[in-house]
Amino acid sequence: MQILHRRAELNRVLGNPRRKGRSIGFVPTMGYLHDGHLSLVRHAKKENDIVVASIFVNPLQFGPKEDFWRYPRNLVRDTQLLKTAQVDVLFTPVLKEFYLPDFQTSVSIKGLSQPLCGVSRPTHFAGVTTVVSKLLNLVQPTRLYLGQKDYQQYRVIAQMIKDLDMPVEVKLVPIVREADGLAMSSRNVLLSTLERREAAFIHRALKKGEELIRSGQSDTGKIKKAVKEVLKFAPHGRLDYLEIVDAATLVPVVKLKNGSKVLMAMAYYFSKTRLIDNILVTP
Ligand code: AMP
């Protein structure tokens, strides 16, 4: 695996394979890797000649009071994991060189950035779309791999790619979970033992909602009420949001319609640590 820190090095390494028409699969991450990230790598390995992963904790996507400085990091371990997963190129840009002192551009998309996580993180998605635009320009991949755990991020990026005619195919990879159902996340290490135990109820609550939908309940008010009942088993946390929205537009749905796919999404705080999870269901 080649480890690159500078943008010029990327062109040197990827220029030749690109000219030869080799396909490039790209997995952008913020590091502190777990099996969710590695699942993206495995999908990329299957479908491409070359796999590029990036590790960059992007300050633009953190709000002023958010956990940029607390965000877990372990580049040595991450490098080993990516080597074992047979990633070809790891790009870990240096912050000061990535955003030069005169950097002043922002890429943002309107509608899809506003609901769900956009309510409590109003600047988050502009940070994401800006960094992903830069990374896509640098790596020029054939396919981009994103996890369903950040489903809104996937919708926002897919819309940006469509709106701006970016020549890359987006692939959505299912959520990888711990044995008790908690969605794997780099932030899970920030939880206390008690919080970690209670965090399993985030997924259990969503499963309760899914069960109701599958058994024919179409009133999203009633579904959300039942989901919140399960969350009472996680009293040391607090709900940021629970929404049932159209899976494409992210617009809230009041009454479910047979055949139209919805996203049931949640963000839940344990002290300062904010966890997200979701389930896609077609009633
Ligand atoms: P992050 O490092 O948290 O920015 O995540 C990098 C990529 O990994 C994003 O596309 C995430 O959606 C994806 N990802 C994170 N956690 C999981 C998970 N548990 N299962 C699947 N994909 C994930």
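All ligand and atom numbering here is 1-based and tracks the order in the structure. Hydrogens, waters and symmetry mates play no part in the numbers below; they use all other heavy atoms, side chains included. Note that this is a predicted model, so its numbers are computed, not measured.
Atoms CG and CG, on Leu90 and Asp78 in that order, are 8.5 Å from each other to the nearest 0.5 Å. For the atom pair Ser113 OG and Gln152 CD, the distance stands at 7.0 Å (nearest 0.5 Å).
Using a 4.0 Å heavy-atom cutoff, Arg177 is absent from the residues neighbouring ligand 1. Look at Tyr71 and you'll find a heavy atom under 4.0 Å from some atom of ligand 1.
At a 4.0 Å heavy-atom cut-off, ligand 1 touches Leu40 through the side chain alone.
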Side chain to side chain contact (heavy atoms under 4.5 Å, CB included) evaluation trace for Phe26 with Leu135: CA-CA 9 Å; Phe26 179 42; Leu135 289 168; 3.8 Å; yes
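Remark: minimum distance from atom 5 (O) of ligand 1 to any protein heavy atom is reached at His37 NE2, 3.5 Å. For atom 6 (C) of ligand 1, the closest non-hydrogen atom of the protein is Pro28 O, 3.4 Å. The protein heavy-atom contact nearest to atom 17 (C) of ligand 1 is His34 CE1, 3.7 Å. In this structure, atom 12 (O) of ligand 1 lies nearest to the protein heavy atom Asp150 OD1, 2.7 Å. Of the protein's non-hydrogen atoms, Met30 CG, 3.5 Å is the one closest to atom 4 (O) of ligand 1. With respect to atom 22 (N) of ligand 1, the closest heavy atom belonging to the protein is Gly147 CA, 3.6 Å. The single protein non-hydrogen atom nearest to atom 20 (N) of ligand 1 is Val176 N, 2.9 Å, given as residue, atom name and distance. The protein atom (non-hydrogen) at minimum distance from atom 21 (C) of ligand 1 is Pro174 O, 3.4 Å.
With ligand atoms numbered from 1 in the order given, ligand 1 contributes 20 (N), 21 (C) to contacts under 4.0 Å with heavy atoms of Ile175. Atoms of ligand 1 lying under 4.0 Å from at least one heavy atom of Met184, given by number and element, are 16 (N), 17 (C), 18 (C), 19 (N).
Applying the side chain to side chain donor-acceptor pair (under 3.5 Å) test between Asp277 and each of Lys149, Gln148, Arg177, His203 identifies Arg177 as the sole match.
Side-chain contact, Lys261 with Thr282: no donor N or O sits under 3.5 Å from an acceptor N or O. Residues Thr273 and Arg70 bring a donor and an acceptor atom of their side chains to less than 3.5 Å of each other. Side-chain N/O atoms of His5 and Thr92 include a donor and acceptor closer than 3.5 Å.
For the pair Arg197 and Phe270, the cation-pi criterion (under 6.0 Å, within 45° of the ring axis) is not fulfilled.
Side-chain contact between Gln61 and Glu66 is absent, with no heavy atoms from C-beta onward closer than 4.5 Å.
When the options Lys149, Gln148, Gln153 are ranked by their closest heavy atom to atom 9 (C) of ligand 1, first place goes to Gln153.
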